[in-house]
Participant: 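Take this structure first; my questions come after.
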Amino acid sequence: QVQLVESGGGSVQAGGSLRLSCSTSASALTYGSTCMGWFRQAPGKEREGVAALHIATSSAYYADSVKGRFTISQEYAKKTVYLQMNGLRPEDTAMYYCAAAPYVRYCSTSRAADFGAWGQGTQVTVSS
């Protein structure tokens, strides 16, 4: 079973930045063929897909709410995916989860059912 471990959450003021990290225990071969995604869920709200990145193609997907502010990237040697979050807003406050969808052709958080492995989550709190 693939394990995902997130880190980097915290509390910041509006306009600030945070970088989340997600490391996977998957083999390098599998990681190289995986769609890695970031999701978030605020209290009382439905889970929302934030960004996704196909490791093999570098094709990235972003939710409209974060376009231009968040950037997803990865380091193959470390099997780690990052979510750089700039211009944070109070509405970005949520628990952020990393997820993995191996061997998929279409990489997007809109296909949440493709993501079979999930991390434990890291809290991001943005104050106004």
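For this chain, numbers begin at 1 and follow the sequence in order.
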Participant: I need the minimum non-hydrogen distance between T93 and A42, along with the two atoms involved.
Facilitator: O-CB, 3.6 Å
Participant: Measuring only between side-chain heavy atoms, which start at C-beta, is C107 closer than 4.5 Å to S59?
Facilitator: no
Participant: Any idea which heavy atoms bring R69 and G87 closest together, and the distance?
Facilitator: NH1-O, 2.9 Å
Participant: Given W38 and F70, is the ring-ring contact (aromatic ring centres under 6.0 Å, His included) satisfied, shown in steps?
Facilitator: CA-CA 11 Å; W38 286 97; F70 291 11; over 10 Å; no
Participant: Begin from the C-alpha positions of N86 and L88 and carry the test side-chain contact (heavy atoms from CB on, under 4.5 Å) through to its verdict.
Facilitator: CA-CA 5 Å; N86 299 328; L88 283 162; over 6 Å; no
Participant: To the nearest 0.5 angstrom, please state how far the SG atom of C35 sits from the CG atom of D114.
Facilitator: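 One finds 7.5 Å between SG of C35 and CG of D114.
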Participant: From F39 CZ over to E48 CD, what is the distance, rounded to the nearest 0.5 angstrom?
Facilitator: 10.5 Å
Participant: Are any side-chain N or O atoms of T125 and backbone N or O atoms of S11, one a donor and one an acceptor, separated by less than 3.5 Å?
Facilitator: no
Participant: Minimum heavy-atom separation for G49 and A63, please, with both atom names.
Facilitator: O-CB, 3.3 Å
Participant: Do the side chains of M36 and C22 get nearer than 4.5 Å, heavy atoms only?
Facilitator: yes
Participant: Kindly indicate, with the supporting measurements, whether the criterion side-chain hydrogen bond (donor to acceptor under 3.5 Å, both in side chains) is fulfilled by T80 and S21.
Facilitator: CA-CA 7 Å; T80 298; S21 300; over 6 Å; no
Participant: Could you tell me whether R89 and D92 make a salt bridge, using a distance below 4.0 angstrom between a side-chain N and a carboxylate O?
Facilitator: no
Participant: Minimum heavy-atom separation for S108 to S110, with atom names?
Facilitator: OG-OG, 2.8 Å
Participant: Around atom CD of Q120, are there more than 12 heavy atoms from other residues, nucleotides or ligands closer than 6.0 Å?
Facilitator: yes
Participant: Any side-chain donor paired with an acceptor under 3.5 Å for R19 and Y82?
Facilitator: no
Participant: With side-chain hydrogen bond (donor to acceptor under 3.5 Å, both in side chains) as the test, would you mind laying out the steps for E91 and S65 before giving the verdict?
Facilitator: CA-CA 10 Å; E91 54 264 39; S65 58; over 6 Å; no
Participant: Out of curiosity, does M95 fall in the hydrophobic cluster containing V124 (side-chain heavy atoms, cut-off under 4.5 Å, transitive links)?
Facilitator: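 In one cluster: no.
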Participant: Between V104 and T34, is a side-chain contact (heavy atoms from CB on, under 4.5 Å) present by the stated rule, with each step listed?
Facilitator: CA-CA 7 Å; V104 296; T34 295; over 6 Å; no
Participant: For S127 versus P90, what's the shortest heavy-atom pair and its separation?
Facilitator: C-CG, 4.5 Å
Participant: So, E6 side chain and C98 main chain: donor-acceptor pair closer than 3.5 Å or not?
Facilitator: yes
Participant: Would a distance-only check, ignoring hydrogens and angles, find a side-chain to backbone donor-acceptor pair under 3.5 Å from H54 to Y61?
Facilitator: no
Participant: Hydrophobic cluster membership, with links at side-chain heavy-atom distances under 4.5 Å among I/L/V/M/F/W/Y: are L18 and Y62 in one?
Facilitator: yes
Participant: Show, in sequence, the C-alpha distance, side-chain angles and deciding distance for T71 and L83, and conclude whether the side-chain contact (heavy atoms from CB on, under 4.5 Å) test is met.
Facilitator: CA-CA 6 Å; T71 303; L83 185 67; over 6 Å; no
Participant: Is there a donor-acceptor pair closer than 3.5 Å between any side-chain N or O of Y97 and the backbone N or O of R47?
Facilitator: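 A pair under 3.5 Å: no.
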Participant: Tell me whether V50 is reachable from I72 by hopping between hydrophobic residues (I, L, V, M, F, W, Y) whose side-chain heavy atoms are closer than 4.5 Å.
Facilitator: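 Cluster IDs for I72 and V50 match.
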Participant: Strictly distance-based, threshold 3.5 Å: is any side-chain N or O of Y76 a donor or acceptor partner for the main-chain N or O of A28?
Facilitator: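 Yes, Y76 side chain to A28 backbone: donor-acceptor pair under 3.5 Å.
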Participant: Could you state whether L20 and F115 fall into the same hydrophobic cluster, counting links through intermediate Ile, Leu, Val, Met, Phe, Trp or Tyr residues with side-chain heavy atoms under 4.5 angstrom apart?
Facilitator: no
Participant: As an exercise, state the distance from NZ of K79 to OG1 of T24, rounded to the nearest 0.5 Å.
Facilitator: 6.5 Å
Participant: Kindly indicate, with the supporting measurements, whether the criterion side-chain contact (heavy atoms from CB on, under 4.5 Å) is fulfilled by Y96 and Q123.
Facilitator: CA-CA 6 Å; Y96 283 70; Q123 179 68 37; over 6 Å; no
Participant: With a 3.5 Å cut-off and no angle check, do the side chains of Y103 and T30 form a donor-acceptor pair?
Facilitator: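 A pair is found: one side chain offers a donor N or O, the other an acceptor, under 3.5 Å apart.
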Participant: Could you tell me if Y31 and Q74 have a donor-acceptor pair between their side chains, going purely by distance under 3.5 Å?
Facilitator: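 On atom types as modelled, these side chains qualify, holding a pair under 3.5 Å.
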Participant: Do L53 and M85 sit in the same hydrophobic cluster, where Ile, Leu, Val, Met, Phe, Trp and Tyr count as joined when their side-chain heavy atoms come under 4.5 Å apart?
Facilitator: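 Yes.
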